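Data first, discussion second: the structure below is written as structure tokens.
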Amino acid sequence: MAITQARVLVPRLDIRPADPEGDETARRALAIALARRWSPVVAHGEEGVIFLDLTGVAHLFGGEEAMARRLFRLLARLGHSARIAVADTPGAAWALVQHTSRAVTVCPPARHAEAIASLPPEALRIEGPAAELLRRLGVIRIGTLAAMPRAPLVRRFGFALAQRLEQALGNLPEPLEPVVPPQLIAVGRRFAEPILTAEAIAHWLGRLAPDLAQALAEAGQGARMVELVADRVDGVPQLIRIGLARASRDPAHLVRLLARRIESIEPGYGIDAITLHVRRAEPLGPEELAERLDAETGPDLAPLVDTLATRIGHDRLWRCAPLESDVPERSVRRTGALDPPESRGARPKPDDVRQLDRAPPMPPWHHRWPRPARLLRRPERVDDVMALMPDHPPRRFTWRGETHRIVRADGPERVHGEWWKRLTEVHSVRDYFRVEDEQGRRYWLFRSGDGERDVTGDRSWYLHGVFG
């Protein structure tokens with residue numbers, strides 16, 4: 001169905017682009033998390049089903065039903081709607097979870113054949129043509145199909161139908177191919193005698209970092225977050241966690257970042273073990289070298305970013321990227337410190353594609369006027385403004401309790417509201433002025449409205465940025 005026709009039928013229909021690869025990645029991440037916490041055997045199934053082998057683990061969670069309900073609550077907290085079924089065979093569990101409406105279904109032991117007997121043949125994970133042919137023959141329940149001889153079924157429908165039926169009934173094995181959680185990379189050293197000094201910690205850190213780099217190289221990974229755990233003799237661990245702007249396995253770089261924070265470790269009565277854990281990693285292959293030795297290459301800013309982030313935190317490091325917007329506070333956004341610059345603006349989010357497609361083209365004089373070096377997070381209202389209406393710049397204004405008298409001004413630069421984003425901005429107008437006061441300080445002010453029509457703004461003045 002076309003989206004326009006669907007929106008006519010359901011005006012508030014929520015439409016989002018399909019992302020099969022992202023869905024598969026999310027399901028695999030969920031399966032790995034379940035394999036680490038709930039069951040050692042977790043496998044992918046068809047149509048988004050995840051199989052968990054509860055053999056030998058259900059009693060650890062209070063029984064099968066209690067475990068299923070705990071899993072249901074966990075998935076609900078993670079934002080997933082789910083149905084859970086417990087049965088003796090994977091085929092029976094798949095049939096119950098797909099063709100029952102209950103949130104949690106627990107089939108008693110050895111009763112799975114009776115539980116699925118009333119379900120349609122589609123619950124056996126058979127092909128559509130086979131299910132349609134069974135319906136034409138009047139076989140609309142698995143119980144009826146199970147009572148038939150197997151040889152005629154194989155001659156008429158092939159071996160797949162009989163195999164799925166016997167697997168659901170437990171007469172044929174159905175091995176699961178479990179997902180294997182990636183092994184966490186860690187290297188450590190335990191000491192015969194506790195160590196107390198920062199120099200000793202730094203020495204052993206220098207010995208462990210090459211081992212960690214070797215382990216990362218063997219796994220084809222690069223560290224994005226590394227944690228140093230110093231185990232004290234009194235059982236109170238000391239932690240140092242560092243993040244890296246780019247995946248790396250350079251031992252010298254890791255040692256430099258960790259050594260800057262060694263002073264935060266309190267050794268107490270002594271440290272008897274040190275371990276380096278890789279908390280987050282990314283694939284890192286071999287780096288391409290320049291063909292010529294005299295080739296000009298850009299500087300690698302990753303070590304500098306990591307050094308600064310170790311001192312002030314990664315949240316305080318970013319770079320600005322342009323956005324296609326006339327409104328100044330919407331024309332830039334924060335990106336990662338090492339993200340490549342974008343010349344034509346950032347890629348819009350999927351939900352905004354429809355809105356941006358309706359935006360008018362940028363005029364040739366777009367951003368011809370200079371912008372201030374410092375743009376305030378929100379425009380601040382100024383008082384005691386003296387200006388002639390409608391197009392003259394202000395002669396005086398008061399900002400943060402200080403009065404400024406204007407000696408030079410330039411403008412106005414008119415900025416219209418983005419009506420394709422918000423209906424409230426259909427008539428909104430801002431007139432921006434660059435002004436300079438008696439002390440030589442330059443500011444960027446705007447008047448809300450065109451100074452003539454009340455619908456465009458209330459004629460109040462705001463300071464939006466500072467030059468220099």
Side-chain angles (χ1 to χ4, degrees), residues 182-232 237-268 270-319 335-341:
Q183 296 294 328
L184 298 179
I185 299 176
V187 295
R189 188 67 57 88
R190 184 167 295 276
F191 312 120
E193 295 292 337
I195 60 177
L196 295 169
T197 63
E199 292 76 9
I201 298 175
H203 168 76
W204 287 107
L205 180 61
R207 298 284 296 274
L208 291 175
D211 296 341
L212 183 66
Q214 180 64 26
L216 287 169
E218 294 175 356
Q221 300 286 317
R224 287 296 305 273
M225 180 179 292
V226 178
E227 186 178 68
L228 182 147
V229 180
D231 296 321
R232 297 196 324 195
Q238 300 293 300
L239 306 180
I240 296 179
R241 180 175 296 177
I242 60 170
L244 293 94
R246 182 182 299 161
S248 173
R249 50 174 179 260
D250 182 5
H253 183 50
L254 296 177
V255 170
R256 283 194 300 268
L257 296 178
L258 291 169
R260 289 189 177 95
R261 302 181 59 184
I262 286 180
E263 298 297 335
S264 63
I265 295 179
E266 298 180 0
I271 296 173
D272 57 5
I274 292 180
T275 309
L276 291 179
H277 298 269
V278 178
R279 296 305 186 188
R280 188 166 71 245
E282 293 180 357
L284 180 62
E287 297 183 358
E288 182 179 358
L289 299 178
E291 296 181 0
R292 296 177 52 186
L293 297 178
D294 58 346
E296 295 184 0
T297 59
D300 186 9
L301 299 180
L304 174 62
V305 171
D306 293 337
T307 301
L308 296 176
T310 303
R311 298 180 179 179
I312 64 176
H314 277 278
D315 296 338
R316 300 183 181 181
L317 287 175
W318 71 88
R319 73 187 308 167
T335 62
L338 295 180
D339 289 353

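We count residues from 1, following the sequence as given. Just so it is clear, the model here is predicted, and its values are computed rather than measured.
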Exercise for the section: Could you tell me whether the side chain of Leu254 reaches within less than 4.5 Å of the side chain of Leu244, counting heavy atoms only? Expected result: yes

Exercise for the section: May I have the step-by-step check of side chain to side chain contact (heavy atoms under 4.5 Å, CB included) for Leu228 and Arg261, ending in yes or no? Expected result: CA-CA 10 Å; Leu228 182 147; Arg261 302 181 59 184; over 6 Å; no

Practice task
With rounding to the nearest 0.5 Å, note down the distance linking CZ in Arg241 to CG in Leu258.
Solution key: 12.5 Å

Fill in the blank from the handout: So CZ of Arg256 and CD1 of Ile242: to nearest 0.5 Å the spacing works out to 11.0 Å

Problem - Contact check, side chains of Val278 and Gln221, non-hydrogen atoms, under 4.5 Å - result: no

Fill in the blank from the handout: Rounded to the nearest 0.5 angstrom, the CD1-OG1 distance for Ile312 and Thr307 is 11.0 Å

Practice task
Find the distance between OG1 (Thr275) and CG (Leu239) and round it off to the nearest 0.5 Å.
Solution key: 11.0 Å

Fill in the blank from the handout: Note: Asp306 and Gly243 closest approach over all heavy atoms is OD1-O, 4.0 Å

Handout entry: Taking every non-hydrogen atom, the tightest pair across Leu196 and Gly268
Key = CD2-O, 3.8 Å

Problem - Results of side chain to side chain donor-acceptor pair (under 3.5 Å) for Arg260 - residues two or more places apart only - result: none

Completion exercise
Heavy-atom closest pair (Glu266 atom, Arg232 atom, distance to 0.1 Å) is O-NH1, 2.9 Å

Exercise for the section: Could you tell me the separation between the CZ atom of Arg280 and the CZ atom of Arg224, rounded to the nearest 0.5 Å? Expected result: 5.5 Å

Fill in the blank from the handout: Closest heavy-atom pair, Gly222 versus Leu284, reported as atoms and distance to 0.1 Å, is N-CB, 3.6 Å

Handout entry: Closest non-hydrogen atom pair, Glu263 against Ala198
Key = OE2-CB, 3.9 Å

Handout entry: Separation between CD1 of Ile201 and CD1 of Ile271, rounded to the nearest 0.5 Å
Key = 4.0 Å

Practice task
Check whether any side-chain heavy atom of Ile274 sits under 4.5 Å from a side-chain heavy atom of Leu205, and report yes or no.
Solution key: no

Practice task
Evaluate side chain to side chain contact (heavy atoms under 4.5 Å, CB included) for Leu184 paired with His277, printing each intermediate quantity in order.
Solution key: CA-CA 8 Å; Leu184 298 179; His277 298 269; over 6 Å; no

Problem - Flag side-chain contact, heavy atom, 4.5 Å: His203 against Glu199 - result: no

Exercise for the section: Return the minimal non-hydrogen interatomic distance between Leu317 and Ala309, and the atom names on each side. Expected result: CD1-N, 3.6 Å

